[in-house]
Amino acid sequence: HVQLVESGGGSVTAGGSLSLSCERSGYDYRPYCMAWFRQAPGNQREGVAALDSDGSTSYADSVKGRFTISNANAKNTRYLQMNSLKPEDTAMYYCAADLDLRRLCLLNRNYEGFWDYWGQGTQVTVS
């Protein structure tokens with residue numbers, strides 16, 4: 001069973017930065033693809049960034065150039081560095097994982113139904 005735990009959310013003023021982490025618990029070291037989604041009240045969940053097991057990435061246009069997804073050479077932790085934050089970035093942020101590397105995860109960055117495992121979410125508030 002795969003469990004994902006997010007951390008690093010908080011409140012910042014516009015223009016500030018935050019770094020989110022998503023740790024896969026346990027001793028499962030299989031490679032996997034990971035995405036970060038966000039959902040603001042009243043909005044659909046949006047896939048903002050994805051990182052494939054080979055290091056390839058995909059970003060939503062709304063965060064390109066400001067957000068960076070990475071693994072920092074950690075086997076079971078993925079990060080989302082968020083710079084130049086805007087009030088419209090305010091949302092609950094979720095990480096999601098897919099372990100079936102035969103599937104094209106980057107093409108499904110914005111499709112909730114593709115991702116098999118989800119974290120519980122961490123709130124980001126930009127004022």
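Just so you know, these numbers use all the heavy atoms, side chains as well, and skip hydrogens, waters and symmetry mates. For this chain, numbers begin at 1 and follow the sequence in order.
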Between G121 and M92 the two heavy atoms that sit nearest each other are C-SD, 3.8 Å
### Query
With no hydrogens and no angle check, is any side-chain donor or acceptor of E6 less than 3.5 Å from a backbone partner on S21?
no
Q. Just by modelled atom types, is the N83 backbone N or O under 3.5 Å from a matching donor or acceptor in the S17 side chain?
A. no
### Task
Verify, without hydrogens or angle tests, whether W115 (side chain) and N108 (backbone) share a donor-acceptor contact under 3.5 angstrom.
yes
| Does R103 use its side chain to pair, donor to acceptor, with the backbone of F114 at less than 3.5 Å? | yes
In short, M82 meets V124 closest at the heavy-atom pair CE-CG2, 3.8 Å
When every non-hydrogen atom of R30 is compared with those of R24, the smallest separation belongs to O-NH2, 2.7 Å
* Asked: Taking C-beta and beyond as the side chain, do T90 and R38 meet within less than 4.5 Å on heavy atoms?
  -> no
_So does I69 get a backbone contact from the side chain of Y59, meaning a donor-acceptor N/O pair under 3.5 Å?_
yes
Going by atom types only, do S84 and R66 share a side-chain donor-acceptor pair under 3.5 Å? no
(request) State yes or no: are the ring centers of W118 and F37 separated by less than 6.0 Å? (result) yes
Only one of N76, V2, D52, D98 passes side chain to side chain contact (heavy atoms under 4.5 Å, CB included) with Y32, and that residue is N76
Distance col, row Y93:OH vs T122:OG1, nearest 0.5 angstrom, shows 10.5 Å
N71 vs T77, side chain to side chain contact (heavy atoms under 4.5 Å, CB included): CA-CA, chis, key distance, verdict: CA-CA 6 Å; N71 61 19; T77 304; over 6 Å; no
Presence of salt bridge, D61 and K64, under 4.0 angstrom: yes
Practice prompt. Please check if the side chain of R109 supplies one atom and the backbone of G47 the other of a donor-acceptor pair under 3.5 Å.
Written response: yes
